[in-house]
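A short worksheet on the structure shown next.
Remember, it's 1-based here, ligands and their atoms both numbered in the order they're listed.
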Amino acid sequence: MRILAIETSCDDTSAALVVARGQNTKVLGQVTASQIPIHRRFGGVVPEVAARAHAESIVPTIQELFAQCGYDAAKSMKKPPIDAIAVTCGPGLVTSLWVGVIAAKLLAAEWGVPVYGVNHMIGHLFSATVEHGAPEFPALGLIVSGGHTELVWCKSARHLKKIGATRDDAAGEAFDKFGKLLGLSYPAGPEIADLAKRGKKNSVPFPRPMLTDPSYDFSFAGLKTAGRTWILAQEKITPTMRANACASYEAAIVEVLVAKTMRAVKEFKPKTILLGGGVAANELLRAELTRALAGEKITLLLPEKKYTTDNAAMIAVAAMRTGNLFKQPWRKLAANPSFEIQ
Ligand code: KG4
Ligand code: ZN
């Protein structure tokens, strides 16, 4: 089965062609038009600007994907080499989501192929399984993106339960907002991680919010405030001070994420840990999770870097792993900005 996936939930227009044999998936191609340079001058994503950019690039992105996979792009738009379409329906920015959803509706109606309206978070959840077979269940997912921080218990690919989530800012948001105050460009996560490599983790005593709270919830607003307070208290911030602050800030976020995940590991005893979301690209998080799980009989699946930030391949893989969960008539397909894992 060949599936064309479309992802436009935020600021990346992405299309991918994924082939599946049973639960084994392989990416034939993926094209992503990033809008980061467009939004950078605003310091964050501007929804109307994002929707317009998606509208401009959605068709060329799909055509480029067909060409990348070795198909004649013009012929493929008439007679596509696919069996189904998967599209992100939510959560995300409503105006961005609708662009991908309308494209999927039109193509599904025209081509007469089934369509899957996929939950974006479930895409991130399975992003570490792109180009693999199904993970061993039960699994525990840690999803850390710009908009979400969630722990998800997966009895199977179709039986998911959110056991914890952020009560305010997401981990990625905490990186981005601290970076903005430091004068870094959007999105600041990668640059903070880069600066942190030259800094000392223990130099600024940033708080570890909710670390000892018995729930599996997170909170990063207090850390963000502590970051702002630290910046305002300095007369001048030298490159060394900046690197030290970034290292301390990153360490605080990672420590909380790993501690909560390990607490859930002890209680739920999963066979697999699935890491996903933009912050899953963070080297310290990957290293600390690996270290914490050493000695445990648990498989840690880390996504390839190209599948950490928003991408269409993970949407196709989520559609395939969850069977018919998201399959629906194209007429019913609609953007659902608050489409959360329950
Ligand atoms: O999953 P994603 O592309 O978008 C959402 O669905 O939200 O995640 C983007 C987030 C941004 O906040 C970005 O700063 C963060 O992922 N990010 C990182 C790193 N790479 C991306 N945060 C920390 N370290 C990184 N290396
Ligand atoms: Zn995302």
For atom 22 (N) of ligand 1, which protein heavy atom lies nearest, and how many Å away is it? Gly189 CA, 3.5 Å
Is there a donor-acceptor pair closer than 3.5 Å between any side-chain N or O of Ser9 and the backbone N or O of Gly92? no
For Asp168 and Ser219, test the side chains for any donor-to-acceptor distance below 3.5 angstrom and give the result as yes or no. yes
By number and element, which atoms of ligand 1 are closer than 4.0 Å to a non-hydrogen atom of Val279? 15 (C), 16 (O), 18 (C), 22 (N)
Which residue and heavy atom of the protein sit nearest atom 11 (C) of ligand 1, plus the separation: Asp176 OD2, 3.4 Å
Around the Zn ion (ligand 2), how many protein N, O or S atoms are there at under 2.8 Å? 3
Check whether any side-chain N or O of Glu250 sits under 3.5 Å from a backbone N or O of Ala196 as a donor-acceptor pair, and report yes or no. no
Where is the nearest protein heavy atom to atom 9 (C) of ligand 1: which residue, which atom, and how far? Gly146 N, 3.8 Å
Starting from atom 2 (P) of ligand 1, what is the nearest protein heavy atom, named by residue and atom, and what distance separates them? Asp310 OD1, 3.5 Å
Check: Ser215 main-chain N/O paired with Lys260 side-chain donor or acceptor under 3.5 Å: yes
Among Ser145, Pro303, Ser127, which residue meets the side chain to side chain contact (heavy atoms under 4.5 Å, CB included) test with Thr308? Pro303
Output, in order, the C-alpha distance, side-chain angles, deciding distance and verdict of side chain to side chain contact (heavy atoms under 4.5 Å, CB included) for Leu125 and Leu160. CA-CA 10 Å; Leu125 178 70; Leu160 309 177; 3.9 Å; yes
Which ligand 1 atoms, with their elements, are less than 4.0 angstrom from a heavy-atom of Gly147? 7 (O)
Taking only heavy atoms of Gly172, which atoms of ligand 1 are found under 4.0 Å from at least one of them? 12 (O)
Do any N or O atoms from the side chain of Ser96 and from the backbone of Ala50 form a donor-acceptor pair under 3.5 angstrom? no
Report, in ascending order of atom number, the atoms of ligand 1 lying under 4.0 Å from any heavy atom of Pro187. 13 (C), 14 (O)
Below 4.0 angstrom from a heavy atom of Thr309, which ligand 1 atoms are there? Numbered from 1 as shown, please. 3 (O)
Are Phe268 and Leu257 linked, directly or through intermediate hydrophobic residues, by side-chain heavy-atom contacts shorter than 4.5 Å (ILVMFWY only)? yes
In this structure, atom 24 (N) of ligand 1 is nearest to the protein heavy atom Asn282 ND2, 3.0 Å
Would you kindly say whether Ser156 and His159 are connected by a side-chain donor-acceptor distance under 3.5 Å? yes
If you take the nearest heavy atom of each of Gly179, Pro91, Gly278, which one is closest to atom 17 (N) of ligand 1? Gly278
Less than 4.5 Å apart, side chain to side chain, heavy atoms only: is that true for Leu140 and Glu267? no
Is there a heavy atom of His120 sitting under 4.0 angstrom from any atom of ligand 1? yes
Ring pair (Phe, Tyr, Trp, His ring centres under 6.0 Å) filter on Tyr249, not counting sequence neighbours, yields Phe178, Phe206
Is there a donor in the side chain of Glu136 and an acceptor in the side chain of Thr272, or the other way round, less than 3.5 Å apart? no
What part of His124, side chain, backbone, both or neither, has a heavy atom within less than 4.0 angstrom of ligand 1? side chain
